[in-house]
2 protein chains.
Amino acid sequence: MGEINIKKLACELNLSAATVSRALRDSHEISSETKARVLEMAKKLNYEPNPFASNLRGQKSKTIAVIVPEIANNFFSLAINGIEEVARERDYHVLIYQTHESSAIETSFLNRLLSGRVDGVLISLACENVDKEHFKKISNQLPVVFFDRVHDDIEGVKITTDDYESAYNAVQHLIENGCKKIGYLLALNALSTGKKRLQGYLDALKDNNFPDDGNLIMKNGANNDENYALIKNFIVEQKPDGILSSIEELAMPCYYACKELNLSIPADLKLISFSNLAHAQLLNPSLTTINQPAFEIGVEAAGILFKIFNKRWYEPNQTIILKSNLIKRESTRAIA
Amino acid sequence: MGEINIKKLACELNLSAATVSRALRDSHEISSETKARVLEMAKKLNYEPNPFASNLRGQKSKTIAVIVPEIANNFFSLAINGIEEVARERDYHVLIYQTHESSAIETSFLNRLLSGRVDGVLISLACENVDKEHFKKISNQLPVVFFDRVHDDIEGVKITTDDYESAYNAVQHLIENGCKKIGYLLALNALSTGKKRLQGYLDALKDNNFPDDGNLIMKNGANNDENYALIKNFIVEQKPDGILSSIEELAMPCYYACKELNLSIPADLKLISFSNLAHAQLLNPSLTTINQPAFEIGVEAAGILFKIFNKRWYEPNQTIILKSNLIKRESTRAIA
DNA sequence: CTGTTAGCGCCTTCAA
DNA sequence: TTGAAGGCGCTAACAG
């Protein structure tokens with residue numbers, strides 16, 4: 001606990017706490033001489049105002065919360081990086097919470113945050129069914145900005161990437177590179193984010209007159225091991241020559257499975273994944289990735305939250321879409 | 001802002017605020033009947049206690065701070081994951097700050113945290129020269145636990161990995177696999193963490209009667225581009241057949257440089273790096289990594305901080321060393 | 001078992 | 001230009 005408070009400061013200076021407070025806040029009704037004295041003494045004594053007292057008094061916390069499914073995920077850690085930078089510029093503090101994809105945990109975090117602990121929330125939804133009503137209640141009490149993992153049925157400001165277009169383009173790319181049977185590794189299907197990616201895949205197939213074979217869509221399982229088994233089985237049974245993975249976490253087991261099955265990527269199977277794994281393309285040049293501007297999403301989302309704080313945002317339901325980058329790789333070249 | 005406070009709750013129930021407060025805190029001096037009534041009403045009205053009021057009153061925040069150089073770094077994001085999980089179990093909140101390797105920013109964060117905003121700090125040091133005196137002052141006012149990036153000259157509880165041993169073993173591994181000229185990509189050299197890794201490298205060379213050629217140590221530059229140029233130049237001039245990289249951020253440009261130079265990894269150059277890149281070994285099987293238990297370090301560090309809170313920690317200067325894992329790869333096999 | 005009172009540190013009236 | 005006083009919401013000490 002910081003020991004030195006405004007009263008002691010005032011005492012040292014033979015001033016009242018009120019005067020010191022005003023001086024520190026650079027009030028116009030304090031002589032510049034007094035201000036200088038106060039500032040000097042504050043610095044000398046290493047005075048830091050107690051944030052809880054100010055917050056209690058002023059009903060604001062200079063703190064924002066970020067709720068994400070996982071921190072140790074390339075996309076989210078980059079987004080948090082962007083958020084932290086913006087917050088720091090404005091002398092705001094950033095609280096971090098991870099839901100591990102559980103809506104129950106998500107809800108409990110949100111409820112706790114209603115206490116006034118934070119001035120606003122940035123959230124990327126857990127991929128379970130969501131309680132729209134609950135979100136409506138929250139949004140009424142606290143500014144909320146959604147990013148990346150969003151849901152159309154929940155009203156609010158949203159920052160996403162061009163999920164539909166990038167999935168569509170990825171499939172187009174696979175087709176142009178000779179794929180005849182393109183599978184889809186499905187995830188996030190409870191969210192708009194996942195639905196749009198899937199729709200992009202489906203529409204690209206349709207526009208190229210590919211058969212609409214429901215068997216080519218593989219839904220993710222409960223955990224990594226299960227995903228691995230599912231994908232391996234999927235590849236054996238369906239024998240796709242191209243795969244679009246809707247999340248990075250499914251592309252990885254797909255690699256493992258190919259290795260196990262002695263399938264060469266990309267010679268036997270071309271794999272594209274939504275991914276923000278730094279240097280993934282370098283480590284294995286056979287990897288084509290849909291690279292989302294994760295950092296920029298964080299910056300944008302945080303920026304909008306601050307605009308809301310400053311009453312400079314007037315579109316409670318706008319969705320802002322940033323463009324992803326399809327990083328293509330040569331078909332066969334590899335390092336090793 | 002949450003609208004409903006303890007007074008309104010009390011009013012609804014025809015009780016005093018004090019009674020309600022006690023009931024909510026499950027005090028033994030409240031009848032179970034009253035408790036039930038209070039709890040029910042609190043739930044009904046969605047009451048959340050104002051944390052700033054409690055914190056101001058009780059002089060504690062139920063919040064910890066985590067200060068790291070970068071969030072979007074595989075090691076740190078995993079560590080934060082571990083920290084968040086431990087904090088969540090205890091209903092603590094986690095504030096995140098990144099220093100971008102700047103000691104000035106680090107110091108400014110620490111100063112701001114002296115205000116009582118947090119009950120304790122977990123920190124992984126920025127790699128610049130550090131102000132020991134300043135840290136001493138901080139530690140006197142606030143519990144601090146250091147993790148991974150530590151400095152011997154700063155007193156405090158520290159959680160690290162076996163930097164010396166793992167570097168030593170890595171070099172031994174390179175030698176056993178036929179390397180004759182082993183380079184070292186140096187970083188973190190202002191910290192004990194970096195010094196120990198370097199010493200492990202040096203001692204392994206010495207114990208194997210390798211010449212102690214200072215030219216084989218390459219110090220990192222200011223940014224990625226510079227590192228890339230430096231490493232490329234280093235490989236051309238020194239022609240190492242093995243390299244140990246002290247951080248992941250240097251291993252990556254090393255890959256790029258090899259590609260540019262048409263050198264095959266690991267046939268022409270065997271590369272080992274300290275790294276926590278998920279699946280790095282899979283993406284390129286030529287990569288041998290020193291895998292630090294990042295998540296566990298986070299869990300351990302947070303656990304100790306909570307022990308300090310509970311006065312169940314009595315070793316103000318203990319260093320706890322967790323073991324890294326040298327993940328070896330076959331010399332020549334590759335996926336693609 | 002429950003109520004009254006006071007104060008955590010800060011900031012903003014209001015008064016001088 | 002400065003000081004005194006009160007209150008943000010909560011809880012511990014003290015009464016009853």
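In the text below, chain A, chain B and the rest are named by the order of the sequence lines, each starting its count at 1. As a basis for the values below, the full set of heavy atoms in this structure was taken, side chains included, without hydrogen atoms, waters or symmetry mates.
Computed from coordinates, the A:K8 NZ to C:dC8 P distance equals 11 Å when rounded to whole Å. Rounded to whole Å, the distance from CG on B:L9 to P on C:dG3 is 14 Å. Put simply, CG on B:L13 is 16 Å from C1' on C:dC1, counting in whole angstrom units. Residue A:I6 contributes atom CD1, which lies 5 Å from atom P of C:dC10 at whole-angstrom precision. Atom CZ of B:R25 and atom P of C:dC1 are 19 Å apart (whole Å). Rounded to whole Å, the distance from CG on A:L24 to P on C:dC10 is 9 Å. In this structure, B:N55 places its CG atom 16 Å from C1' of D:dA12, rounding to the nearest Å. B:K7 places its NZ atom 14 Å from the P atom of D:dT11, with the value rounded to the nearest Å.
Out of D:dT11, C:dG9, D:dC10, the shortest distance to the side chain of A:L56 is found at C:dG9. Looking at the side chain of A:Q59, the nearest of the listed nucleotides D:dC8, D:dA12, D:dC10 is D:dC8. Each of C:dC11, D:dT11, C:dG9 was ranked by its minimum atom distance to the side chain of A:R57; first place goes to C:dC11.
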Run the numbers on B:L95 and B:V66 for side-chain contact (heavy atoms from CB on, under 4.5 Å), then give the verdict. CA-CA 6 Å; B:L95 283 167; B:V66 180; over 6 Å; no

Worked verdict on A:F295 versus A:F75 for ring-ring contact (aromatic ring centres under 6.0 Å, His included): CA-CA 8 Å; A:F295 178 86; A:F75 176 82; over 10 Å; no

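Because its NZ or CZ atom is both nearer than 6.0 Å to the ring centre of B:F306 and within 45° of the ring axis, B:R90 counts as a cation-pi partner of that residue.
When the local axes at the two ends of the helix from C:dC1-D:dG16 to C:dA16-D:dT1 are compared, using 5 base pairs at each end, they differ in direction by 50° after rounding to 10°.
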Please list, for nucleotides 2-4 of chain D, all pairs of protein and nucleotide N/O atoms separated by less than 3.5 Å.
from	atom 1	to	atom 2	distance (Å)
D:dT2	OP1	A:T34	OG1	2.8
D:dT2	OP2	A:S31	N	3.3
D:dT2	OP2	A:T34	OG1	3.3
D:dG3	OP2	A:S16	N	2.9
D:dG3	OP2	A:S16	OG	3.0
D:dG3	OP2	A:T19	OG1	2.5
D:dG3	N7	A:R22	NH2	2.7
D:dG3	O6	A:R22	NH1	3.0
D:dG3	O6	A:R22	NH2	2.8

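Between A:S21 and C:dC11, a side-chain N or O to OP1/OP2 separation shorter than 4.0 Å is present. Put simply, A:N50 has no side-chain N or O that comes within less than 4.0 Å of OP1 or OP2 on C:dC10. The phosphate of D:dC10 (OP1 or OP2) has a side-chain N or O of B:Y47 nearer than 4.0 angstrom.
From A:T160, atom OG1 reaches atom CD1 of A:I320 across 9.5 Å, with rounding to the nearest 0.5 Å. Note that CD1 of B:I123 and CG of B:D148 are 12.0 Å apart. Values are rounded to the nearest 0.5 Å. Distance CZ/A:R37 to OG/A:S32: 12.5 Å, rounded to 0.5 Å. For the atom pair OG of A:S115 and CG of B:N5, the computed distance is 13.0 Å after rounding to the nearest 0.5 Å.
Residues B:T19 and B:T34 have side chains in contact (heavy-atom distance under 4.5 Å, counting atoms from C-beta outward).
Here the options are B:R88, B:E84, B:H93, the test is side chain to side chain donor-acceptor pair (under 3.5 Å), and the partner is A:Y97; only B:H93 passes.
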